[in-house]
Amino acid sequence: MDSANLKKKVVEFWDGKSCGEAYAAGDFQSRDYYESHSAARYQLENYIAEFARFEEGSGKAVLEIGVGMGADHREWARSGPQLLLGTDITPRAAQHTRRRFDLSGLTARVAVSDAEDLPFRDEVFDLVYSWGVLHHTPDTPKAIREIWRVLKPGGTARVMIYHKFSLTGFLLWLRYGLLSGRFFITLEDLYSRYLESPGTKAYSVREAREMFAPFREVSAQTRLSFGDLLEGAVGQRHRGFLLTLAKKIWPRFLLKIFFRKNGLLLLIEAKK
């Protein structure tokens, strides 16, 4: 599938249901709906605030790429930034974020645009943040070059992309490789076909560092996700008896001790 058609499939997937909608309860036009989503998000993913360090947005120009339902964007707004802009490739996410802000008495400045072609001038932002988004766009390296372009000299990028050598990858191989008789299916194929939107990618630490090579400082660390630990809804595509059984017997305590480096989350902080 060429890049344009793949991108269309990605938009269709996430415009059907934004990431995290499974955790929101009640009337989608109410503030409680969004508060329930935030509560569930930060309970399942308590590492987000530690990585994002929302308070550091105070007085700065901040861009979030991939606003989703707007939970993190609301946290950036609470920090008191000098400028806060958001972008997402799907109208649904932009609508969610605007509605969340409206219900809080705020105005969201969110553009429906492509991470590979950001609609901003060079060197505008002090901080660019993106959580779990750039591995879905067909040309992830191009999106990262766009982050470098819009950052001011000395600015910081905080980006989470998926880690290739993860427990989630192993689970996908068990289900769609071993149990399906496709023993030699690659991790690239597994992530692309079976993890979230079509064409989803995951990277090794080395590959991530290569993509962020234009930055003068890069730190990268892996983290176990709730998907690795079979907690929560485990994405939007997987259901059934085998998953229900696995959730009951999954040795989470041991995995946290012995497989800490095999998390799905690859957390990257880079300075321009």
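This one's a predicted model, so the numbers in the text were calculated from it and none came from an experiment. Computed from heavy atoms alone, side chains included, the values below leave out hydrogens, waters and symmetry copies.
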Q: Please report the shortest heavy-atom distance between Ala94 and Val112, naming the atom on each side.
A: CB-CG2, 3.8 Å
Q: Could you tell me whether Phe165 and Phe170 have their ring centroids closer than 6.0 angstrom?
A: no
Q.
As an exercise, state the distance from NZ of Lys201 to CD1 of Ile161, rounded to the nearest 0.5 Å.
A. 9.5 Å
Q) Hey, are Asp122 and Arg149 close enough for a salt bridge, meaning a charged N less than 4.0 Å from a carboxylate O? A) yes
Q) If you take all heavy atoms of Val205 and Ala220, which pair is closest and at what distance? A) CG1-CB, 4.1 Å
Q) Would you say the ring centroid of Tyr162 lies under 6.0 angstrom from that of His135? A) yes
Q: Looking only at non-hydrogen atoms, find the nearest pair between Ser104 and Arg74 and report the distance.
A: OG-NE, 3.6 Å
Q: Evaluate the criterion salt bridge (Lys or Arg N to Asp or Glu O under 4.0 Å) for residue pair Lys152 and Glu123; output intermediate values, then yes/no.
A: CA-CA 4 Å; Lys152 297 176 183 178; Glu123 301 182 357; over 6 Å; no
**Q.** Atom pair CG/CG of Leu224 and Asn262 - distance to nearest 0.5 Å
**A.** 7.5 Å
**Q.** Ion pair check, Arg41 and Glu75, cut-off under 4.0 Å
**A.** no
Q: Consider only side-chain N and O atoms of Ser79 and Glu55, and report whether a donor and an acceptor are under 3.5 Å apart.
A: no
Q) Distance only, no hydrogens: is a donor on one side chain within 3.5 Å (strictly under) of an acceptor on the other, for Thr97 and Tyr34? A) no
Q) Hey, mind stepping through Leu118 and Ile65 against side chain to side chain contact (heavy atoms under 4.5 Å, CB included) and telling me if it holds? A) CA-CA 9 Å; Leu118 294 173; Ile65 300 174; 4.0 Å; yes
(Q) Could you check whether atom CZ of Arg216 has more than 12 heavy atoms from other residues, nucleotides or ligands sitting under 6.0 Å from it? (A) yes
(Q) So, taking the atom named CD1 in Ile268 and the one named OG in Ser219, what distance separates them when rounded to the nearest 0.5 Å? (A) 8.5 Å
Q. Should the ring pair Tyr33 and His96 be called parallel, tilted or perpendicular, given that the plane angle runs from 0 to 90° and is split at 30 and 60?
A. parallel
Q. So with a 6.0 Å cut-off around CZ of Arg252, is the heavy-atom count from everything else above 12?
A. yes
Q: For this output row, return yes or no: ring centroids of Phe101 and His73 closer than 6.0 angstrom.
A: yes
(Q) How about CD on Gln43, more than 12 heavy atoms from neighbouring residues, nucleotides or ligands closer than 6.0 Å, or not? (A) no
Q: Give the cluster check for Val62 versus Phe120: same hydrophobic cluster or not, with ILVMFWY residues linked at side-chain heavy-atom distances below 4.5 Å.
A: no
Q: Report the C-alpha distance between Trp131 and Leu265 in whole Å, list the side-chain angles of each, state the deciding distance to 0.1 Å, and finish with yes or no for side chain to side chain contact (heavy atoms under 4.5 Å, CB included).
A: CA-CA 10 Å; Trp131 183 268; Leu265 310 183; 4.0 Å; yes
(Q) Can you confirm whether the side chains of Ser225 and Asp228 place a donor and an acceptor under 3.5 Å from each other? (A) yes
Q. Would you say the side chains of His136 and Ser197 form a donor-acceptor pair under 3.5 Å?
A. yes
Q) Which pair of heavy atoms, one from Arg260 and one from Ile257, lies closest together, and at what distance? A) NE-O, 3.6 Å
Q | ILVMFWY network linking Tyr42 to Trp76, side-chain heavy atoms under 4.5 angstrom | A | yes
Q. Counting only heavy atoms not in Trp148, do more than 12 fall under 6.0 Å of its CH2?
A. no
Q: Could you give me the CA-CA distance, side-chain angles and deciding distance for Arg92 and Glu21, then say whether salt bridge (Lys or Arg N to Asp or Glu O under 4.0 Å) is met?
A: CA-CA 11 Å; Arg92 188 183 190 97; Glu21 284 190 31; 2.6 Å; yes
Q: Grab the two heavy atoms, one from Met211 and one from Pro141, that are nearest each other, plus how far apart they are.
A: SD-CG, 3.7 Å
Q) Any chance the side chains of Ser38 and Arg100 put a donor and an acceptor closer than 3.5 Å? A) yes
